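We use all heavy atoms of the structure for the numbers below, so side chains are in, but hydrogens, waters and symmetry mates are not. Note that the structure is a prediction, hence the values are computed from the model and not measured.
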Amino acid sequence: MKLETWPHSRAPDLWLGECNDPVDLLLAEHHHHRTVFRRMVRIIERQQDAVTALRTILVPFANDAVLHRADEEETLLPLLSQRTRREDGFGDLLKRLIEDHVSIVDMAVSAAFSLKLIEDSEAPLPERLKADLLRYVFAAEGHLAFENGLLLPIAHQRLTLLDRRIIEQDFRLRRGMVILPATGNGATSSTVSALTH
């Protein structure tokens, strides 16, 4: 069977160029993540070339995930915390999100390290590692469903146009992209510090 290789995610500038709202960008990335998770499950189930294929997937995906987590924790959530209302229950939601992020990252790092330690790339996946990878995938998919169902709808409803502008600029800065011209009131990504602290 031909080795299944990583389908590199689309360039961030394409995502940002096609999404008019940065909240939609997060939703698009969530969809991409779920596609990757489905591919991982197929690789784990088929076993053949699994070690090499999973290594090829996890390295670039881990880099994407670091940016995605920073997008949420360093930009989206601080701004959104200023816009939410009591009925949104944002405090409990935020606590759950951060706990999920820590747990899921720990699982991913542990699984990636275990894959790296396997000397024979053609050897079958150890049963314990297979279980750890599946646990990671299912936890991450549950987290994405939680965000899609609760966090992003609140963000769509509560964030202002200026908030969205700031978020988009931070997304671009984080990826080393060109910063868009400031709005009429001079708002750029540097405004984040003033608004979130």
Legend entry - M107 reachable from M40 in the ILVMFWY side-chain graph, under 4.5 Å edges: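 They do share one cluster, since a chain of ILVMFWY contacts under 4.5 Å joins M40 to M107.
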Inset, instruction - Group every Ile, Leu, Val, Met, Phe, Trp and Tyr by side-chain heavy-atom contacts under 4.5 Å, then state whether F61 and V109 land in the same group. - result: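 Not linked; separate clusters.
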Inset, instruction - Evaluate the criterion side chain to side chain contact (heavy atoms under 4.5 Å, CB included) for residue pair F171 and L67; output intermediate values, then yes/no. - result: CA-CA 8 Å; F171 285 6; L67 289 174; over 6 Å; no
Inset, instruction - If a pair satisfies side chain to side chain donor-acceptor pair (under 3.5 Å) and one of its residues is in residues 148-161, list it, with sequence neighbours excluded. - result: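 Qualifying pairs, neighbours excluded: D24-H156, H30-N148, D88-R158, T160-D163.
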Legend entry - Donor on one side chain, acceptor on other, H101 and E72, under 3.5 Å: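 Yes, because at least one side-chain N or O of H101 sits under 3.5 Å from a partner of the opposite role on E72.
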Inset, instruction - Using only heavy-atom distances, determine whether the side chains of H143 and E147 contain a donor-acceptor pair under 3.5 Å. - result: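 There is such a pair (donor and acceptor under 3.5 Å, judged by atom type) between the side chains of H143 and E147.
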Inset, instruction - Write out all pairs satisfying salt bridge (Lys or Arg N to Asp or Glu O under 4.0 Å) with one or both partners inside residues 105-121, taking only residues at least two apart or from two chains. - result: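 For residues 105-121, and leaving out neighbouring residues, there are no salt bridge (Lys or Arg N to Asp or Glu O under 4.0 Å) pairs at all.
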Legend entry - Cation-pi geometry met for R135 and F138 (6.0 Å, 45°):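 Because its charged atom misses either the 6.0 Å distance or the 45° angle limit, R135 does not stack over F138.
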Inset, instruction - Test salt bridge (Lys or Arg N to Asp or Glu O under 4.0 Å) on D49 and R55 and set out the steps. - result: CA-CA 10 Å; D49 298 324; R55 283 175 179 166; over 6 Å; no
Inset, instruction - Output all residues satisfying salt bridge (charged side-chain N to carboxylate O under 4.0 Å, His left out) with R96, sequence neighbours left out; order by chain, then residue number. - result: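 Salt bridge (charged side-chain N to carboxylate O under 4.0 Å, His left out) check on R96 returns D100.
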Inset, instruction - For residues T75 and R174, determine if any side-chain heavy atom of one lies less than 4.5 Å from a side-chain heavy atom of the other. - result: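 Yes - at least one pair of side-chain heavy atoms lies under 4.5 Å apart.
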Inset, instruction - Any chance you could lay out the salt bridge (Lys or Arg N to Asp or Glu O under 4.0 Å) test for K95 and E99, step after step, and finish with the verdict? - result: CA-CA 6 Å; K95 183 174 182 292; E99 289 175 350; 2.7 Å; yes
